[in-house]
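None of the values given here were measured: they were computed from a predicted structure. All values below come from the heavy atoms of this structure, side chains included, with hydrogens, waters and symmetry mates left out.
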Amino acid sequence: MAKTIIVRVEDTTYDIFKKAAEGQKRTISNYLEFAALNYTVNETVVDDSEMKEILAFENDIKKGLADISAGRYKVIG
């Protein structure tokens, strides 16, 4: 079931969204849904090369988390 989200934006922001939606022959609502979903999928999902790089440091990350959990750290400010 579709949900309704209310968002307040400045007039200039609205005008940008409206022009972008018109350029893609979409309603503003459809454009915002498309843009938000596209951003979320592309910016929050790690691609294979990024995951490989993260996993290369897996042991270091686990050790760091264990050190934090055990209180073996110092805040330097």
Side-chain angles (χ1 to χ4, degrees):
M1 180 176 186
K3 304 292 184 202
T4 300
I5 299 173
I6 297 172
V7 179
R8 285 185 173 80
V9 296
E10 297 292 327
D11 289 342
T12 54
T13 303
Y14 178 85
D15 291 340
I16 292 169
F17 289 154
K18 184 176 178 184
K19 287 178 184 175
E22 288 171 353
Q24 293 189 7
K25 302 204 182 317
R26 297 174 181 265
T27 63
I28 293 174
S29 177
N30 180 263
Y31 174 78
L32 291 174
E33 180 181 4
F34 167 79
L37 185 58
N38 189 44
Y39 176 83
T40 301
V41 168
N42 290 318
E43 296 299 322
T44 61
V45 175
V46 178
D47 67 25
D48 290 342
S49 64
E50 289 174 308
M51 183 54 73
K52 187 175 181 179
E53 186 176 344
I54 291 167
L55 291 175
F57 295 102
E58 181 178 12
N59 290 335
D60 292 337
I61 292 169
K62 285 181 179 178
K63 184 180 182 318
L65 291 172
D67 287 345
I68 291 169
S69 293
R72 295 186 299 262
Y73 65 92
K74 185 185 292 185
V75 176
I76 300 174

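Closest non-hydrogen pair, Val46 versus Met51, comes out as CG1-N, 3.4 Å. Shortest non-hydrogen contact noted between Val9 and Phe17 is CG1-CE1, 4.3 Å.
Heavy atoms from other residues, nucleotides or ligands lying under 6.0 Å from CD1 of Ile5 number 12 at most. Within a 6.0 Å sphere centred on CD of Glu10, heavy atoms belonging to other residues, nucleotides or ligands number 12 at most. Within a 6.0 Å radius of CD in Glu33, other residues, nucleotides and ligands contribute 12 heavy atoms or fewer. No more than 12 heavy atoms of other residues, nucleotides or ligands sit less than 6.0 Å from atom CG of Asp48. Residue-environment remark: CG (Asp11) stays at or below the threshold of 12 foreign heavy atoms within 6.0 Å.
The hydrophobic clustering, which links ILVMFWY residues whose side-chain heavy atoms are closer than 4.5 Å, places Tyr14 and Leu32 together. Following chains of ILVMFWY side-chain contacts shorter than 4.5 Å, one cannot reach Val7 starting from Tyr39, and the two form parts of different hydrophobic clusters.
In this structure, CG on Asp60 lies 11.0 Å from CG on Leu65, to the nearest 0.5 angstrom. Distance check, rounded to the nearest 0.5 Å: CZ of Phe57 to CD1 of Ile61 gives 8.0 Å.
Between the Asn38 side chain and the Phe34 main chain, no donor and acceptor come within less than 3.5 Å of each other.
For the pair Asp67 and Lys63, the salt-bridge criterion is met [side-chain N within less than 4.0 Å of a carboxylate O].
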